[in-house]
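Here's the structure, in structure tokens; my notes come after.
In what follows, every heavy atom counts, from backbone to side chain, and hydrogens, waters and symmetry copies are set aside. Chain letters run A, B, ... following the sequence lines, proteins first, then strands; residues in each count from 1.
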Amino acid sequence: MTPSELGAAVRAAVVAAVDAGELAVAPPAEVAVERPRVKEHGDYATSIALQLAKPAGRPPREVAELLAARLREVDGIDAVEVAGPGFLNLRLAQASLGAVAVQVLAAGEAYGTNDSAAGQRVNLEFVSANPTGPIHIGGVRWAAVGDALGRLLEASGAEVAREYYVNDAGNQFDLFAASMLARATGRKLPEGGYQGDYVADYAARIVAERPDVSELPEEQALAVFRERGLPLVIDEIRASLSSFGVEFEVWFSEQSLELSGAREQALKTLRAQGHVYDQDGAVWLRTSDFGDDKDRVLVKSDGASTYFLSDAAYYLDKRGRGFDHCLYMLGADHHGYVGRLKAIAACAGDDPATTIDVRIGQLVNVVKDGQVLRQSKRLGQYTSLDDLVSLVGVDAARYLLARSSVDSTLDLDIEQATRQSSDNPVFYVQYAATRAASVLRNAADMGIAEPDPASVDLSLLAHPRENELLLALAEFPAVVATAAELREPHRVARYLEEKVAKSAQRFWDDCQVLPKGDEEVAPTTAPRLLLWRATRTVLENGLRLLGVNAPERM
RNA sequence: GCCCCCGUAGCUCAGGGGAUAGAGCGGCGCCCUCCGGAGGCGUAGGCGCAGGUUCGAAUCCUGCCGGGGGCACCA
């Protein structure tokens, strides 16, 4: 019996009590059971009686007793007790608990998928770093977290488009082109120009293709560097992300918004909604009507449109393509932007609470030899995606970046990331996965066939370690659904570490599976092999959601 | 000045209103004739402060105090 089945059983008990006239309440749409912290409180517990007590006008323990009487009759529930102020503590029958392993095996790669986000069309914009050089560490955090979130949403039934917004129209990109020109001609870098060595490399490649470029007038030369530089940078970014396991469906050019007339169209749309006005020669959007602290300029008094207008046009474009949820994953320096984005949606007649969802991520500190490495993109001194991968590998980088809440500043310790011991979380989880693989491999080598789930006596999985592990595996679908709903992939990682890998190691320690020496094959061998296979499946599925491999051996 | 994030064990971090707040590292003490000890077990140790909401608060609200980041007719 899974937690959701158990929750449904509890709800059914409520409905039955209501129908019998014993409880005068409206039954809740769903009832959740949770794992109690203390195992004396049973396999699962629910506080439903405490919640219903007030509307029912009855003492909580009395409500609990009503429900307990009904739940005791349910097949698969072994014991029900009323505890404390009115908790219902539930204990599953052994075979019912063991059935979780069979369910995991039956679902296989699909175990963990759920329909909590079914029918949603989600536009997921992340990374979107300026095309002025390799992806920096902050972008890598978003690559890891954003892609994992995409996988979680897909596993929860949503249709997801991963999108990278290419800022190829603004000052930063112009400055980058000017920096390449300066490098190509040996002239002085413009103020605030990009100083990294890669700038010279790009410049040299462009000069090799267009030897005449240094003799062109400055404007034309800049145009060449812009035009030729963009694909160079984008290709490199795309290749880095791809080697990181992250693929974007759409690379959306900011320039294209101007060329296609989308910006003018957006201006018209917003005007038609009545939130645009002219003042001081500029065109403004009255975002302050919707909670922004001040109005924002769409078209400057010199006639040039702002980045903000591009954002509005881009948002309207996404909506026009049928996305009902636009997710933005932005760096901490963009937090002031949230209100403006929501105001755009509101000005366009949407409800920003449903169409806009912005996640702000805090900084990443790269720690090496106990020191935080200082990062400066402009100076070209920073840890790029490729640097990080060459230092710690894709698995460690993705896992360690995705295992922390983006609300917290993250310290990524290079030494720790490569350590082969349990103080390295990615190693710990992968190790549990390889241990599962090795048991299964050894069984095969010994000529012990993998058992047919239908013919295994699941009630033999009665050891406390086995129960603990089964309960952990049963949680997986709910963990995936919650992580997707809250847009918090780190919940999956923590679950894998603290629940699955931990329980698996303890199971290993106390529950021998295969015969040693002259021993006979034990009755517990088959059910335990089944449990190891189920454990391996959950670890594989969970790691896959984070874009991390589950190796067969380390 | 205004806005956002954070403050939980000595350290790095989990804990979307529930019972006795959890992991890893570091302390201390244990466990290898045995499927991978690259592990496991035990033990000590904690919610920044003050109010509020609630039957119940680490969690929600307000105010302080500390740390990080940000304010544009830049992108």
Side-chain angles (χ1 to χ4, degrees), chain A residues 34 36-38 40-41 45-47 50-51 53-54 59-60 83-87 89 130 132 167 169-175 254 279-284 293-302 304-308 310-311 331-339 360-363 365 367 403-411 413 416 419-425 427-428 430-432 434-435 437-443 445-446 465 482-483 485-486 488 490-491 493-495 497-499 501-502 505-517 519 525 528-529 532 553-554:
Chain A
E34 51 189 46
R37 289 206 179 90
V38 190
E40 285 70 35
H41 294 155
T46 174
S47 59
L50 289 161
Q51 292 160 36
K54 196 176 232 175
F87 292 101
N89 293 338
N130 282 334
T132 54
N167 298 123
N171 294 351
Q172 291 307 311
F173 188 63
D174 288 345
L175 195 55
E254 182 188 356
Q279 185 183 306
D280 305 332
V283 182
W284 299 70
D293 48 347
K294 55 189 278 197
D295 294 339
R296 304 290 165 177
V297 172
L298 295 166
V299 183
K300 294 186 267 186
S301 54
D302 66 3
S305 47
T306 61
Y307 183 83
F308 183 61
S310 293
D311 276 345
D333 55 340
H334 279 70
H335 90 267
Y337 219 69
V338 179
I360 297 293
Q362 302 301 313
L363 296 176
N365 291 319
V367 177
R403 78 182 280 273
S404 286
S405 162
V406 295
D407 286 340
S408 295
T409 306
L410 170 64
D411 287 333
D413 187 315
Q416 185 198 329
R419 214 168 289 150
Q420 305 257 304
S421 62
S422 57
D423 70 329
N424 179 4
F427 176 80
Y428 185 72
Q430 287 186 318
Y431 180 59
T434 61
R435 181 159 262 173
S438 88
V439 175
L440 296 163
R441 190 167 55 236
N442 292 342
D445 290 347
M446 294 167 83
R465 299 302 196 214
T482 302
E485 187 188 331
L486 298 179
E488 292 185 343
H490 75 273
R491 287 171 180 271
R494 299 297 175 150
Y495 160 77
E497 290 168 30
E498 292 170 16
K499 301 281 176 62
K502 183 72 185 169
Q505 294 285 18
R506 286 153 66 112
F507 170 49
W508 166 268
D509 216 53
D510 286 356
C511 300
Q512 182 186 332
V513 179
L514 301 174
K516 297 171 188 167
E519 291 174 9
T525 295
R528 283 177 176 172
L529 278 175
W532 271 116
R553 53 184 93 214
M554 307 289 288

How is A/Val439 classified with respect to the nucleic acid when contacts are heavy atoms under 4.0 Å: base, sugar-phosphate, or nothing?
-> nothing
Check whether any side-chain nitrogen or oxygen of A/Lys300 sits under 4.0 Å from OP1 or OP2 of B/A72, and answer yes or no.
-> no
OP1, OP2 of B/G15 versus side-chain N and O of A/Arg494: anything below 4.0 Å?
-> no
Protein-nucleic acid N or O pairs under 3.5 Å, nucleotides 53-57 of chain B:
from  : atom 1 : to      : atom 2 : distance (Å)
B/C55 : OP1    : A/Lys54 : NZ     : 2.9

The nucleotide from B/C35, B/A19, B/A72 with an atom nearest the side chain of A/Arg296 is B/A72
Are OP1 or OP2 of B/G40 and a side-chain N or O of A/Arg506 less than 4.0 angstrom apart?
-> no
Would you indicate, yes or no, if B/G40 has its OP1 or OP2 atom less than 4.0 angstrom from a side-chain nitrogen or oxygen of A/Tyr428?
-> yes
Quick one: label A/Gln420 by what it contacts on the DNA or RNA (base, sugar-phosphate, nothing), any heavy atom closer than 4.0 Å.
-> base
Closest to the A/Arg435 side chain: B/A72, B/A58, B/G37?
-> B/G37
Of all residues at least two apart in sequence or in a different chain, which pass the side-chain contact (heavy atoms from CB on, under 4.5 Å) check with A/Asp293?
-> A/Arg296
Would you confirm whether A/Asn365, through its side chain, and A/Val367, through its main-chain N or O, come within 3.5 Å as a donor-acceptor pair?
-> no
Give a yes/no answer on whether the side chain of A/Lys499 brings an N or O atom under 4.0 Å of OP1 or OP2 in B/A23.
-> no
Under-3.5 Å N/O pairs linking protein and nucleotides 27-32 of chain B:
none

When you measure from the side chain of A/His41, which nucleotide among B/C73, B/A23, B/A19 comes out closest?
-> B/A19
Tell which nucleotide pairs with B/C2, taking only Watson-Crick or G-U wobble pairs whose two distances are both under 3.5 angstrom.
-> B/G70
Roughly, in whole Å, what's the span from CD in A/Glu498 to C1' in B/G15?
-> 9 Å
Could you tell me how the ring of A/His334 sits relative to the ring of A/Tyr337: parallel (under 30°), tilted (30 to 60°) or perpendicular (over 60°)?
-> perpendicular
Kindly write out the residues that satisfy side-chain contact (heavy atoms from CB on, under 4.5 Å) with A/Thr46, not counting sequence neighbours, or none if the list is empty.
-> A/Val10, A/Val31, A/Val33, A/Ile48, A/Leu88
Nucleic acid footprint by protein, nucleotides 4-12 of chain B - heavy-atom cut-off 4.0 Å, B for base, S for sugar-phosphate alone = SSS------
Taking the six-membered ring for Trp, does A/His490 stack with B/A14 (centroid gap under 5.5 Å, planes within less than 30°)?
-> no
Base of B/G40 and ring of A/Trp508 stacked, centres under 5.5 Å, planes under 30° | no
Within the structure shown, what part of the strands sits under 4.0 Å from A/Tyr337 by heavy-atom distance: base, sugar-phosphate, or nothing?
-> base
From B/G37, B/C73, B/G70, pick the nucleotide closest to the side chain of A/Asp333?
-> B/G70
Who passes side-chain contact (heavy atoms from CB on, under 4.5 Å) against A/Trp508, sequence neighbours left out?
-> A/Arg435, A/Val439, A/Trp532
